[in-house]
There are 2 protein chains.
Amino acid sequence: MKVETRKEEIIKTSTILFQKKGYSAVTMRDIAKVMGIKAASLYNHIDSKQEILSNIIISLAEEFTDGMRVIMNSNDSSIDKLSSIVKLHVDITSRNTSGMASLNNDWMHLKEDLDYYLKLRLDYEDNIRQIIEQGILNDQLQDSNAEVMLFSMLSTLRSLYIWIPSKEDLNPLELAKNLNKVLLTGIIK
Amino acid sequence: MKVETRKEEIIKTSTILFQKKGYSAVTMRDIAKVMGIKAASLYNHIDSKQEILSNIIISLAEEFTDGMRVIMNSNDSSIDKLSSIVKLHVDITSRNTSGMASLNNDWMHLKEDLDYYLKLRLDYEDNIRQIIEQGILNDQLQDSNAEVMLFSMLSTLRSLYIWIPSKEDLNPLELAKNLNKVLLTGIIK
DNA sequence: CATGTAAACTAACAATTGTTAGTTAGGTTG
DNA sequence: CAACCTAACTAACAATTGTTAGTTTACATG
């Protein structure tokens, strides 16, 4: 029975507002109003608006990094690794759909943590690229443009947050299975 | 030899700034500074900040709608129609990469034109859905989840604006070809 | 009961926001 | 030359922004 601290409540509320209008268009008074308090009261729990954004984005980015580390340390085949990445995205996005909006659209408003975030993202992409290139070498993947594969897969996975909320009937496991099929084998018969 | 009006210059400048920081975080003074004039002078050419956004988004949305109409009116197979859609996205995005960022991320800041935009987008998605479902019926496409196919394809196409600028070596025709292959036949061997 | 603390409040701040009004300089047209 | 137009300018506005200072309230602990 996890008791949510007031700070966590503020971050959760902000996450939902940031998803709807983006970081810049949401004011501290907006956040306070939803919480039922005055804007100044927020500062009993957080240091700045920037801290809220940082918290949302960095914690998610680190979740991805942690998940990727496990995958890279496994002895799975390239294809199994890619499947695990799909599952990782579905899992994290299902649990924090709103936060994924900030991760995708508001990262450029980070100040102190911008460089750190960019490094995490770059490393993450490099890992997927490595898996794909390995898969081509091993003859598991088609020998076409690896960058296009990487881009297509990552685009789909990064957009999940837009799509998951409207498909609540589909459970994460089922979704991951379907996504895997489409991403790996395409749509043509 | 197209002569650009001052208004078009303002819109072009704004488009680039909106891409970098999003509509809300860009001020009229930001735009004016890049143009080398004062913020008040912008109002000799445009009515409001909102008008700039509207102009960027609606003109792009209508381009997509026009392209889709041609595709729907053709007698092509489902697969050929999907290929044409890929080409449509690559074409439009190559010609106005920055604008696509606003289309994707700032549409919710539209005021007067919001409903119109949403209708265009919904119709567009419905058209693709229709093509996919037809393709399944005709046994041209795999009989798996049509929504997942639609989502995966659209996600990739909508994200093109992020990816195209860093791959300027790849010409649009080549890119469309590669994308087609990956989206239709997947990546697995 | 006295004290301490968590979490709210009011009031205000300096800066920034989109926008308006009125003016001016320079070039084109009658 | 006179009239006009385009496109810039200065100055200011009312509203909104993130944030701070100082105060009050309610509750828990000793």
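We name chains A, B, ... by the order of the sequence lines, and we start the count at 1 in each one.
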#### Entry: Partner set under ring-ring contact (aromatic ring centres under 6.0 Å, His included) for A:Y124, not counting sequence neighbours
A:F64, A:H89
#### Entry: Annotated protein contacts, base or backbone, on nucleotides 8-20 of chain D with a non-hydrogen cut-off under 4.0 Å, one of B, S, - each
BBBBB----BBBB
### Residues in side chain to side chain donor-acceptor pair (under 3.5 Å) contact with A:K49, at least two apart in sequence or another chain
none
### Query
For B:L42 and D:dT6, what is the distance between atoms CG and C1' respectively, to the nearest whole Å?
15 Å
Table please: side-chain donor-acceptor pairs of residues 130-141 of chain B below 3.5 Å, with sequence neighbours left out.
residue	atom	partner	partner atom	Å
B:D139	OD1	A:K189	NZ	3.0
B:Q140	OE1	B:S78	N	3.2

### Summary
Hits for side chain to side chain donor-acceptor pair (under 3.5 Å) against B:D66, two or more places apart or cross-chain, chain-then-number order -> B:R69
### Query
Tell me: CD1 of B:I10 to C1' of D:dA7, nearest whole Å?
10 Å
#### Entry: With sequence neighbours excluded, residues passing side chain to side chain donor-acceptor pair (under 3.5 Å) with A:D113
A:S54
